[in-house]
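Side-chain atoms are counted along with the backbone in the values below, which use heavy atoms only and exclude waters and symmetry mates. On a predicted model such as this, the values are computed, not experimentally measured, just so you know. Each residue takes its place number in the sequence, starting with 1.
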Amino acid sequence: LSKEQGKLIVSYAKDTLEKTKWKFLICSGGGRIMEVLNMQPKDFYFIDSNAERTTKDKMFQIVVTLRGKDTKTKKGRDMFVHEDDNKTILRLLETRKDKKYMFHDNCDSKSAYKSADTEFTAIREAMVEDGYEYMSLWNDEHTNHEIKIHTLRSLAITLGNRIGHEYGDM
């Protein structure tokens with residue numbers, strides 16, 4: 001999957017919340033889908049240019065803490081929000097401050113995963129309908145599509161390793 005194909009996948013999302021979720025998987029550190037779905041508004045904080053916590057008014061960057069219980073390795077870590085996404089994340093933090101989860105309204109993460117899978121399937125089908133055949137490629141060995149949700153994380157890791165600090169420039 002190329003950077004341009006990743007951008008195209010994000011462009012097929014139906015609304016800002018969904019676009020931000022998919023872009024977050026690709027651009028802001030390559031979180032695993034369940035890590036992103038488990039993010040809560042309270043997990044986000046602001047830092048200044050010295051990497052010290054600060055207020056929204058004095059922020060240099062937005063950071064989100066992935067809680068250890070939500071990660072594959074069971075170790076917490078921080079992910080930096082790409083500057084292009086700051087405005088959207090700030091708006092979501094304001095509108096979703098009373099919600100349990102940042103990127104969905106499901107009652108639990110398993111339901112959220114099913115919803116995300118359904119959303120990604122709709123994106124895949126729309127792209128195939130528009131002539132993007134690579135979205136329909138099937139992997140017989142793994143009995144699933146070549147391009148799936150986890151492919152977005154893989155793209156983030158690849159871009160980060162090849163391009164460096166600019167990898168989030170989508």
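Put simply, the side chain of Met102 does not reach to within 4.5 Å of the side chain of Val64, judged on heavy atoms. Put simply, the side chain of Lys23 reaches to within 4.5 Å of the side chain of Asp84, judged on heavy atoms.
The distance from atom CE of Met79 to atom OG1 of Thr65, rounded to the nearest 0.5 Å, is 11.0 Å. Here the CD1-CD1 distance, from Ile123 to Ile9, works out to 7.5 Å after rounding to the nearest 0.5 Å. Distance NE2/His150 to CG/Asn144: 11.5 Å, rounded to 0.5 Å. Residue Ile33 holds its CD1 atom at 5.0 Å from CD1 of Ile149, rounded to the nearest 0.5 Å. A distance of 12.5 Å separates CD1 in Ile89 from NE2 in His82, rounded to the nearest 0.5 Å. Atom NZ of Lys99 is separated from atom CG of Leu92 by 12.0 Å, given to the nearest 0.5 angstrom.
Salt bridge absent: Lys19 and Asp85 never bring a charged side-chain N and a carboxylate O closer than 4.0 Å.
Applying the side-chain hydrogen bond (donor to acceptor under 3.5 Å, both in side chains) rule to Ser154 yields no partners; only residues at least two apart in sequence or on another chain are considered. Contacts of Glu119 classified as side-chain hydrogen bond (donor to acceptor under 3.5 Å, both in side chains), with partners at least two apart in sequence or in another chain: Lys21. When the salt bridge (charged side-chain N to carboxylate O under 4.0 Å, His left out) test is applied to Glu35, the partners found at least two apart in sequence or on another chain are Arg32, Arg77. Take Lys14 and apply the side-chain hydrogen bond (donor to acceptor under 3.5 Å, both in side chains) test, not counting sequence neighbours, and it matches Glu18. Listed by chain and number, the residues in a side chain to side chain contact (heavy atoms under 4.5 Å, CB included) with Asp57 are Thr55 (sequence neighbours excluded). Under the rule for a side chain to side chain contact (heavy atoms under 4.5 Å, CB included), the partners of Ser2 that lie at least two apart in sequence or sit in another chain are Glu4, Gln5. With sequence neighbours left out, Glu94 forms a salt bridge (charged side-chain N to carboxylate O under 4.0 Å, His left out) with Lys97. Evaluation of the salt bridge (charged side-chain N to carboxylate O under 4.0 Å, His left out) rule for Arg124 yields no partner, not counting sequence neighbours. Scanning for side-chain hydrogen bond (donor to acceptor under 3.5 Å, both in side chains) contacts around Asp117 gives an empty result, with sequence neighbours left out.
Within 6.0 Å of OH in Tyr134 there are more than 12 heavy atoms belonging to other residues, nucleotides or ligands. Summarising the local packing, NZ of Lys87 is surrounded by 12 or fewer heavy atoms from other residues, nucleotides or ligands at distances under 6.0 Å.
Shown here for Asn106 and Ser115, the closest heavy-atom pair between the two residues is ND2-OG, 3.2 Å.
For residues 138-152, there are no salt bridge (Lys or Arg N to Asp or Glu O under 4.0 Å) pairs, not counting sequence neighbours. Within the structure, every pair that satisfies the ring pair (Phe, Tyr, Trp, His ring centres under 6.0 Å) test and touches residues 104-128, not counting sequence neighbours, is listed here: Trp22-Phe120, Tyr101-His104.
A chain of hydrophobic side-chain contacts below 4.5 Å, direct or via other Ile, Leu, Val, Met, Phe, Trp or Tyr residues, connects Leu8 to Val128. Leu137 and Leu1 fall within the same hydrophobic cluster, defined by Ile, Leu, Val, Met, Phe, Trp and Tyr side-chain heavy atoms under 4.5 Å apart, directly or through other members.
Ser111 and Asp108 form a side-chain donor-acceptor contact under 3.5 Å, judged by distance and modelled atom types alone.
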Could you give me the CA-CA distance, side-chain angles and deciding distance for Asp70 and Met34, then say whether side chain to side chain contact (heavy atoms under 4.5 Å, CB included) is met? CA-CA 7 Å; Asp70 296 328; Met34 291 307 292; over 6 Å; no
Can Asn86 and Val81 be said to form a side chain to side chain contact (heavy atoms under 4.5 Å, CB included), step by step? CA-CA 7 Å; Asn86 281 352; Val81 175; 3.7 Å; yes
Side chain to side chain contact (heavy atoms under 4.5 Å, CB included) assessment of Leu66 paired with Asn38: CA-CA 8 Å; Leu66 299 176; Asn38 281 318; over 6 Å; no
For residues 39-50, please give each side-chain donor-acceptor pair under 3.5 Å, one per line with the distance, not counting sequence neighbours.
from	atom 1	to	atom 2	distance (Å)
Gln40	OE1	Lys42	NZ	3.4
Asp43	OD1	Arg67	NE	3.1
Asp43	OD2	Gln40	N	2.8
Asp43	OD2	Arg67	NE	3.2
Asp43	OD2	Arg67	NH2	2.8
Tyr45	OH	Asp78	OD2	2.8
Asp48	OD1	Asn50	N	2.9
Asp48	OD1	Ala51	N	3.2
Asp48	OD1	Glu52	N	3.0

